[in-house]
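Quick notes on the structure that follows.
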Amino acid sequence: MKKFSVVFALVLSVSLLTGCNKSNDSSSSDGEKTLTVWYWGEQEAPGYKAYMEEMVKRYEEKNKDVKVEAVLQESDNLYSAFRTAEAAGEGPDIQYMWGGTQAMEDVWKGNVAPLSDYISEEELSVIPKASLAETNWNGKQWGIPAYGFTYGIAYDKTAMEKAGVDPENPFTTWDEFMDCCKKLKDAGITPLGMGLKDGYLPAWIGIFLGQQNLDSVNDMINLMSGEEDFTDQKYSEWLDKIVELKDAGYINDDILSLDLYQGQQLIESGKAAMTLHTQAYAVSLEKSMGADKIGFAKAPVYGTGKLAASVATPSQVYVIPKSAVHKEEAADFLLFLQEEDNIKCLYEMANVMMPNLNFKEEWVTSEIDKNVLQWQKEDTNFCYQLYFAPMFESDGLIPTVQKMFSEDLPAAKAAKELGDALDKCIEQNPEVHEAFLDWSVEE
């Protein structure tokens, strides 16, 4: 998923001028209104772009006086372009954001209008409370799910068979996972395909491993608020696991020269047996390569906390920017996406499930999705990244984990650097951090 990138002003200007900019007067002379949507999602849920185009077509057919301009954003300027536009008072009517604090930071910065000012509690009641809670703060609802997804490990069943590993049950515990990696390497197969160049990967690894010694979200809050220390094994043991994998040679040698998605694509090209992925993308591989070729597993368990076997099923969200010209119409479009026919279309076209009580399990045909639904019923939902303190990922986690590979930074020193980076983030953003605490304590 994900980082807050720093993009040069020239790049931002070009981005805003090539299809992203809008005037504050976006109504034509004949009364037609133009609703601007800046979205993301194709990168992790293939088919989302086609789905959005279908939604625009359906909405315009239903609302003849509204024209919808939906613009797919790039990962690196998803936030920076929005913040530049919002600072100029020219943000879109609807903005896509990654969930948790990655959306709430802009709420705390004053860049977002309360969604609940335009959508009633009754209208929101079809969305599970756990999904709404990710962007609920100060008595207001600020975001609405764009879709939900689950993190897991996509793997090549053929490679597993070749290495003598059961392709239907490759591993459950960390020891089993390491044994699986050894067998793959011994068979001449790179166990894990990863890309660290663009900086998204560290948070992904944290999502799979970082929570395993925690008992509740409060443990994560205490860490991110500076009340606990990263050097405590409870919070840092997952860094040891990174070193174990790296030192054993279980990760592709060119990890530093590949972006996240390039690393993930190594499984498609047959250059790696496993990769960290989303259920949505794994299902797209299942459909294109066959259910007998692609499997999807939960993260291997090493920890002893109550969240050790938790599954990360976050929601990506849409918000209404403070500068949006057509807030009422924006709210109407967002509710339109929550209608049953459109929820079904989302699943069929982009392999993602909307967190909505109207989602029907009988729609599910994928074996991977059937397994994921079972995980969601059996296991606690906890996503490590949703609770990052503002700027911690960009200024702490990314450079530190990159140094673990580029400079062989030991796990203990990495934990110390993460603690120092977090202290600096808190010091530099006291007001935002206070808002973060007010939001986080209300689970």
Identify each donor-acceptor pair in which a side-chain atom of residues 419-428 lies under 3.5 Å from a protein atom, sequence neighbours left out, and give them as a table.
from, atom 1, to, atom 2, distance (Å)
D420, OD1, K416, NZ, 3.2
D420, OD2, K416, NZ, 2.9

Are the side chains of [X] and [Y] in touch, meaning some heavy atoms are under 4.5 Å apart?
X: S225; Y: H433; answer: yes
X: Y151; Y: P314; answer: yes
X: L386; Y: E134; answer: yes
X: P202; Y: I205; answer: no
X: P321; Y: W38; answer: no
X: I343; Y: L346; answer: no
X: Q376; Y: T150; answer: yes
X: M194; Y: L276; answer: yes

### Query
Stepwise, does the side-chain contact (heavy atoms from CB on, under 4.5 Å) test hold for Q385 with W98?
CA-CA 10 Å; Q385 188 184 31; W98 298 316; over 6 Å; no
Restricting to non-hydrogen atoms, name the atom on [X] and the atom on [Y] that form the minimum distance, rounded to 0.1 Å.
X: S80; Y: D76; value: OG-O, 3.7 Å
X: G148; Y: Q279; value: O-OE1, 4.5 Å
X: P300; Y: I153; value: CD-CD1, 3.8 Å

### Task
In plain terms, say whether K49 and E53 are close enough for a salt bridge, that is, a side-chain N and a carboxylate O under 4.0 Å apart.
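Salt bridge: yes.
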### Message
I'd like to know if K298 and E378 make a salt bridge, using a cut-off of under 4.0 Å between side-chain N and carboxylate O.
### Response
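Salt bridge flag = no for E378 with K298.
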Does any pair with a residue in [range] pass salt bridge (Lys or Arg N to Asp or Glu O under 4.0 Å), and if so which ones, sequence neighbours excluded?
range: residues 141-156; answer: D156-K293
range: residues 208-226; answer: D219-K234
range: residues 315-329; answer: K33-E329

What distance do [X] atom [atom1] and [Y] atom [atom2] have between them, rounded to the nearest 0.5 Å?
X: Q402; Y: E407; atom1: CD; atom2: CD; answer: 10.0 Å
X: L418; Y: D395; atom1: CG; atom2: CG; answer: 12.0 Å
X: L192; Y: N252; atom1: CG; atom2: CG; answer: 8.0 Å
X: S216; Y: Q211; atom1: OG; atom2: CD; answer: 12.5 Å
X: K241; Y: E237; atom1: NZ; atom2: CD; answer: 5.0 Å
X: K197; Y: D254; atom1: NZ; atom2: CG; answer: 11.0 Å

#### Entry: Pairwise side chain to side chain donor-acceptor pair (under 3.5 Å) hits with a residue in residues 340-352, at least two apart
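Side chain to side chain donor-acceptor pair (under 3.5 Å) check on residues 340-352 returns R58-N342, K287-N351, E340-K360, Y347-D369.
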[X] side chain vs [Y] backbone, donor-acceptor pair below 3.5 Å:
X: W238; Y: Q212; value: no
X: S269; Y: L266; value: yes
X: Q73; Y: Y39; value: no
X: D93; Y: A324; value: no
X: T135; Y: W142; value: no
X: N222; Y: E227; value: no
X: Q338; Y: P145; value: yes
X: T278; Y: E44; value: yes
X: S323; Y: G91; value: yes
X: T101; Y: P390; value: no

### Task
Tell me, yes or no, whether the heavy-atom count around E61 atom CD, taken from other residues, nucleotides or ligands under 6.0 Å, exceeds 12.
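Counting other residues, nucleotides and ligands, CD of E61 exceeds 12 neighbours.
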Ring centre gap for [X] and [Y] strictly below 6.0 Å:
X: F436; Y: F392; value: no
X: Y79; Y: F82; value: no
X: W375; Y: F296; value: yes

Anything under 30° is parallel, anything over 60° is perpendicular, the rest tilted; go ahead and classify [X] against [Y].
X: Y387; Y: W439; answer: parallel
X: F149; Y: Y147; answer: tilted
X: Y48; Y: Y51; answer: tilted

### Query
Considering residues at least two apart in sequence or located in another chain, which fulfil the side-chain contact (heavy atoms from CB on, under 4.5 Å) criterion with Q262?
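Q262 satisfies side-chain contact (heavy atoms from CB on, under 4.5 Å) with L258, D259 once adjacent residues are dropped.
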### Message
I'd like to check the side-chain contact (heavy atoms from CB on, under 4.5 Å) partners of E286; sequence neighbours left out, ordered by chain and number.
### Response
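E286: side-chain contact (heavy atoms from CB on, under 4.5 Å) contacts with V283, A291, S366, E367, I368.
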Can you sort out the partners of [X] under ring-ring contact (aromatic ring centres under 6.0 Å, His included), two or more places apart, ordered by chain and number?
X: Y155; answer: none
X: Y281; answer: H277
X: Y250; answer: none

### Task
Check step by step if side-chain contact (heavy atoms from CB on, under 4.5 Å) holds for M52 and E42.
CA-CA 10 Å; M52 180 56 69; E42 181 68 21; over 6 Å; no
### Intermediate values then yes/no, side-chain contact (heavy atoms from CB on, under 4.5 Å), T190 and K271
CA-CA 7 Å; T190 300; K271 295 180 180 179; over 6 Å; no
What side-chain donor-acceptor pairs closer than 3.5 Å can you find for residues 109-129, not counting sequence neighbours?
from, atom 1, to, atom 2, distance (Å)
N111, ND2, D106, OD1, 2.8
S116, OG, Q141, N, 3.0
D117, OD1, K140, NZ, 2.7
S120, OG, E123, N, 3.1
S120, OG, E123, OE1, 3.2
E123, OE1, S120, N, 2.8
S125, OG, E122, O, 2.5

### Pairs touching residues 306-325 that satisfy ring-ring contact (aromatic ring centres under 6.0 Å, His included), sequence neighbours left out
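Applying ring-ring contact (aromatic ring centres under 6.0 Å, His included) to every pair that reaches into residues 306-325, excluding sequence neighbours, yields Y96-Y318.
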### Task
Decide side-chain contact (heavy atoms from CB on, under 4.5 Å) for N63 and D332; before the verdict, give the C-alpha distance in whole Å, the side-chain angles of both, and the deciding distance to 0.1 Å.
CA-CA 10 Å; N63 300 272; D332 187 67; 4.2 Å; yes
